[in-house]
There are 2 protein chains.
Amino acid sequence: MNRRVKMSGVTDPGLRARKKARTRAELQRHALRLFRDRGFAATTADDIAAAADVSRSTFFRYFPTKEDVVLLDDVDPLYDAAFRAQPAGTPLLRALARSMRTAFASLDDEKRALEEVRMDLARTVPEIGAVLRERNTFGVDAVAALVGEAVGRPADDDDVVVFAGVVSGARLAAQALVRRDPDRAYIETFADVLEVLADGVPLADAPIVT
Amino acid sequence: MNRRVKMSGVTDPGLRARKKARTRAELQRHALRLFRDRGFAATTADDIAAAADVSRSTFFRYFPTKEDVVLLDDVDPLYDAAFRAQPAGTPLLRALARSMRTAFASLDDEKRALEEVRMDLARTVPEIGAVLRERNTFGVDAVAALVGEAVGRPADDDDVVVFAGVVSGARLAAQALVRRDPDRAYIETFADVLEVLADGVPLADAPIVT
DNA sequence: TCTTACTTGAGACTCAGTCTCAGTTCGGCG
DNA sequence: CGCCGAACTGAGACTGAGTCTCAAGTAAGA
């Protein structure tokens with residue numbers, strides 16, 4: 001029993017793969033806990049490995065850098081999917097705002113808590129923020145790809161890239177706002193900013209006063 | 001002769017300070033050269049120190065990290081100054097685009113070359129890009145401060161922060177565009193993007209197709 | 001059950017970054 | 001001019017990230 005079912009359409013993982021997934025998840029779980037409690041810099045790769053009961057070598061086999069451990073994520077694909085599920089005709093910025101809200105709302109409590117720790121670290125620890133910004137669903141390239149597809153233009157079309165830059169900028173703004181007022185919820189703030197932008201860039205035409 | 005003139009309004013540096021400035025500049029000069037020729041990762045702090053004929057310790061005394069050496073910059077203050085010099089009444093985005101162009105044009109050839117290497121590294125080497133984005137004149141916080149002052153609003157005003165995010169996003173877009181087509185000049189591209197945005201966010205109202 | 005391929009732990013190695021200490025050099029003052 | 005204190009430098013030890021190699025263990029498949 002518990003044999004790998006090779007014939008069925010969905011290839012069932014098998015013991016080896018299941019073990020790997022479990023180890024990876026364990027490493028992340030302990031890492032995030034330690035980062036939260038002791039701080040990122042004060043947590044060594046050894047600490048994490050020890051907590052997850054594997055060797056340091058193994059830690060780096062699963063995650064190329066200490067930052068990468070924060071990247072592991074079940075949520076980003078959900079944003080993507082939610083966006084693709086938006087009905088045709090929806091204006092882009094609204095569609096993005098909405099898909100963020102629905103994707104985040106669809107998370108169960110455990111995942112949401114995990115996600116909040118991740119976003120907190122992203123705002124707090126510069127190295128992590130940088131990595132996340134580059135490899136996230138909301139990096140310029142990723143948004144450009146997503147949006148280009150949605151409007152039927154190439155991902156390197158100037159307008160598409162500029163639009164993607166604005167969306168990434170909206171995220172930067174949201175992070176800055178939450179940093180200034182930690183009571184704000186990040187996802188909500190991000191979605192709000194996108195909706196503000198749907199009515200035009202604030203201050204775009206504001207003149208300089210002396 | 002060559003005595004430090006303490007009485008005159010401008011405090012003349014003195015030997016010590018001059019030496020420091022020279023060492024710092026030398027370190028940067030060699031570092032950028034080595035980064036360009038060998039690559040960032042393949043250049044060790046020892047290499048740079050040796051090239052500039054100082055000890056490794058001294059290198060880290062001048063620059064807290066290897067990335068920081070790329071940050072040293074005479075140009076950013078020029079952008080600031082050029083922006084502040086824009087006539088009252090100029091709309092913000094135009095003012096930013098213009099001040100970038102004039103500041104960059106005011107550089108002599110040597111400085112401009114240096115600046116181009118820096119921007120190239122910023123686009124090419126992720127670590128450097130990240131540091132530059134955070135500590136640059138065009139980071140969200142810096143833009144918010146500059147713009148808040150210009151429109152007479154606090155730097156943590158929501159509109160100001162969102163606007164600053166858009167400007168930072170414009171930079172991200174410009175970097176992405178140059179990455180796709182290295183023949184573009186970065187500064188020009190950045191200014192162009194800002195001017196595009198002055199006419200509204202492209203695709204903002206574009207609907208999703210299918 | 002036996003072979004093969006993947007996975008792991010141990011440990012050596014390089015390099016970034018921090019810190020301490022001792023020696024040197026500059027600046028200022030008598 | 002000569003001396004003292006402060007700033008600067010180089011040497012070297014130390015921690016921790018990240019890479020690599022090798023030997024031992026374990027799942028997969030026949």
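All chains are named by letter (A, B, ...) in the order of the sequence lines, taking the proteins before the strands, and each is independently numbered beginning at 1.
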Report summary line: Taken to the nearest whole Å, CG/B:Asp47 to C1'/C:dC15 is 11 Å
Report summary line: Separation of C:dC15 atom P from B:Phe40 atom CZ, nearest Å, is 14 Å
Query raised in the report: Would you call A:Arg101 and A:Asp192 a salt bridge, taking side-chain N to carboxylate O under 4.0 Å as the test?
Result: yes
Requested in this report: Counting heavy atoms from C-beta on, name the nucleotide in C:dC15, D:dT19, D:dG16 closest to the side chain of A:Thr44.
Outcome: D:dG16
Query raised in the report: Any donor-acceptor pair under 3.5 Å joining the side chain of A:Arg16 to the base of D:dT26?
Result: yes
**Report entry** For atom CG of A:Asp46 and atom P of D:dG18, their distance in whole Å
**Finding:** 13 Å
Query raised in the report: In whole angstroms, how far is the P atom of C:dT8 from the CG atom of A:Asp53?
Result: 13 Å
Query - Short side-chain N/O contact from B:Lys19 to OP1 or OP2 of C:dC26, under 4.0 Å - result: yes
Query raised in the report: If you pin B:Thr43 and A:Ser55 to their nearest nucleotides in DNA chain C, which one's is more 5'?
Result: A:Ser55
Query raised in the report: Going by modelled atom types, is there a donor-acceptor pair between the base of C:dT7 and the side chain of A:Arg61 at under 3.5 Å?
Result: no
Query - Base of D:dA11 paired with side chain of B:Ser57 (donor-acceptor, under 3.5 Å) - result: yes
Query raised in the report: OP1, OP2 of C:dG17 versus side-chain N and O of B:Lys66: anything below 4.0 Å?
Result: no
Report task. Begin with the C-alpha distance, continue with both residues' side-chain angles, and end with the deciding distance and a verdict on salt bridge (Lys or Arg N to Asp or Glu O under 4.0 Å) for A:Arg36 and A:Asp120. Result -> CA-CA 9 Å; A:Arg36 181 165 44 77; A:Asp120 203 60; over 6 Å; no
Report summary line: Out of D:dG10, C:dA16, C:dG17, minimum distance to the side chain of B:Glu67 belongs to C:dG17
Report task. Mind calculating the distance between CD1 (B:Ile48) and C1' (C:dG17) to the nearest angstrom? Result -> 13 Å
Report task. Answer yes or no: is there an ion pair linking A:Arg180 with B:Asp141, defined by an N-O contact shorter than 4.0 Å? Result -> yes
Report task. Return no unless some side-chain N or O of B:Tyr62 is found under 4.0 Å from OP1 or OP2 of D:dC8. Result -> no
Report task. Scan for ring-ring contact (aromatic ring centres under 6.0 Å, His included) pairs involving residues 134-180 of chain B, sequence neighbours excluded, and state none if there are none. Result -> B:Tyr79-B:Phe138, B:Phe138-B:Phe190
Query raised in the report: Given atom CZ of B:Phe59 and atom P of C:dC19, what is their separation to the nearest angstrom?
Result: 17 Å
Report task. Select one nucleotide: of D:dA11, C:dA16, D:dG18, the one nearest the side-chain heavy atoms of B:Arg56. Result -> C:dA16
Requested in this report: Mark yes or no: A:Arg118 above the aromatic ring of A:Phe35, with NZ or CZ under 6.0 Å from the six-membered ring centre and no more than 45 degrees from the axis.
Outcome: no
Query raised in the report: CD of B:Glu127 versus C1' of C:dG17: gap in Å, rounded?
Result: 15 Å
Query - Atom pair distance, as rounded to whole Å: NZ in B:Lys20 and C1' in C:dT25 - result: 14 Å
